[in-house]
Amino acid sequence: MDHRRFRRSLLRTCLWGAASLAGAALVGAASIVISGWLLNGVEDTNGGRQAAIERSAIGDYFGGVSAVFSGLALLLLVITLLFQQRELRLQRQELSLQRQELISSREELRRSARSDLRALHVQLTQMAMADPTLASVWNDYPGEPHEVVRQHLFANLTFGHYLLFYEWGDVTEEELLEYARTLLQSPLFHRYWEASRGAKEGLSPDSHEGRLFRIFEQVIREAQAHGTRNPP
């Protein structure tokens, strides 16, 4: 049974192969006949085979000229694309420089605004230091004599002075540690620090003022670790 099926399948395959070959041969023959008919038609239209050959040569000549012009056009297109790429690169560089200038200008304006705000704060502090009635408006150190309030306000200005330097990058943290060690040796500054610690403990650790506060706290811990008594 299987042998019969194999023979039938083989016979069917052979028949399909023969039909395919016959179809291919028929298509090839038809192509040759049609090509000959077209060739004869072209020759008759052009006044004979010799005239067709001459005109074909002329067509080949113009085809070569056309190829040259096509090559030149392609070359010009490539050159145009290269120039456009160069112009785009220069535009990107110019935009990058403009963006950097805008960032620098914005940062400079921000620093100028902070400087103006700092100057206003200094002016208000000086007014509070000079007039007890104005110092009581802030009420930062309630119950303290005006002399002590003036000392605390001046100590706060000193802390703000180093904070401004720190924000502008004019001092390093190592230098601030030395300044903090010197300031905390003063009993008056240490008294101000104790009075203002509660307000500074809530500062963000990522802010400059929060980091500066922790630098001063580090100096106090170092002094306590070495057994050094803080100034009274």
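Remember, predicted model here, so these are calculated numbers, not experimental data.
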- Looking at Phe159, does the NZ or CZ of Lys200 lie under 6.0 angstrom from its six-membered ring centre and within 45 degrees of the ring axis? yes
So, using side-chain contact (heavy atoms from CB on, under 4.5 Å) as the criterion, who are the partners of [X] when residues are at least two apart?
{"X": "Leu82", "result": "Val78, Gln85"}
{"X": "Gln218", "result": "Leu177, Arg221, Glu222"}
{"X": "Gln126", "result": "Val122"}

The single option from Phe165, Trp168, Tyr166 that satisfies ring pair (Phe, Tyr, Trp, His ring centres under 6.0 Å) with His208 is Tyr166
Checking Phe189, Tyr179, Phe213 against Tyr162 for ring pair (Phe, Tyr, Trp, His ring centres under 6.0 Å), the one that qualifies is Tyr179
task = Look at the aromatic rings of Tyr192 and His152 and report parallel, tilted or perpendicular, splitting at 30° and 60°.
result = tilted
Say you draw a straight line from [atom1] of [X] to [atom2] of [Y]; how long is it, rounded to the nearest 0.5 Å?
{"X": "Leu164", "Y": "Leu212", "atom1": "CG", "atom2": "CG", "value": "11.0 Å"}
{"X": "Arg191", "Y": "Ser186", "atom1": "CZ", "atom2": "OG", "value": "11.5 Å"}
{"X": "Leu124", "Y": "Leu120", "atom1": "CG", "atom2": "CG", "value": "4.5 Å"}
{"X": "Leu184", "Y": "Ile220", "atom1": "CG", "atom2": "CD1", "value": "5.0 Å"}

Discussion item. Please evaluate residues Leu81 and Gln84 with respect to the criterion side chain to side chain contact (heavy atoms under 4.5 Å, CB included), reporting the C-alpha separation (whole Å), side-chain torsions for both, the decisive distance (0.1 Å), and the verdict.
Written reply: CA-CA 5 Å; Leu81 291 176; Gln84 289 180 351; 3.9 Å; yes
Name the atoms and distances for all side-chain donor-acceptor pairs under 3.5 Å in residues 96-108, with sequence neighbours left out.
from, atom 1, to, atom 2, distance (Å)
Ser104, OG, Gln100, O, 3.0
Ser105, OG, Glu101, O, 2.9

Any side-chain heavy-atom pair of [X] and [Y] under 4.5 Å:
{"X": "Leu183", "Y": "Thr158", "answer": "yes"}
{"X": "Gln91", "Y": "Leu88", "answer": "yes"}
{"X": "Glu167", "Y": "Arg118", "answer": "no"}
{"X": "Arg89", "Y": "Arg92", "answer": "yes"}

Check whether any side-chain N or O of Glu201 sits under 3.5 Å from a backbone N or O of Gly198 as a donor-acceptor pair, and report yes or no.
no
**Asked** Which is it for Leu188 and Phe154 under the side chain to side chain contact (heavy atoms under 4.5 Å, CB included) test, yes or no, and what are the steps along the way?
**Response** CA-CA 10 Å; Leu188 298 178; Phe154 182 78; over 6 Å; no
Hits for salt bridge (Lys or Arg N to Asp or Glu O under 4.0 Å) against Glu178, two or more places apart or cross-chain, chain-then-number order -> Arg181
Do any side-chain atoms of residues 127-137 form donor-acceptor pairs under 3.5 angstrom with protein atoms, and if so which ones, sequence neighbours left out?
from, atom 1, to, atom 2, distance (Å)
Asp131, OD1, Thr133, N, 3.0
Asp131, OD1, Thr133, OG1, 2.6
Asp131, OD2, Thr133, OG1, 3.1
Ser136, OG, Thr133, O, 2.7

Using 4.0 Å as the upper bound for N to carboxylate O, is an ion pair formed by Glu194 and Arg197?
yes
For Val219 and Ala180 the tightest heavy-atom approach is CG2-CB, 3.7 Å
Q. Would a hydrophobic clustering, with Ile, Leu, Val, Met, Phe, Trp and Tyr connected at side-chain separations under 4.5 Å, put Leu153 with Val148?
A. no
*asked:* Hydrophobic clusters here meaning ILVMFWY residues chained together by side-chain heavy-atom distances under 4.5 Å, can you tell me if Leu117 and Leu163 are in one?
replied: no
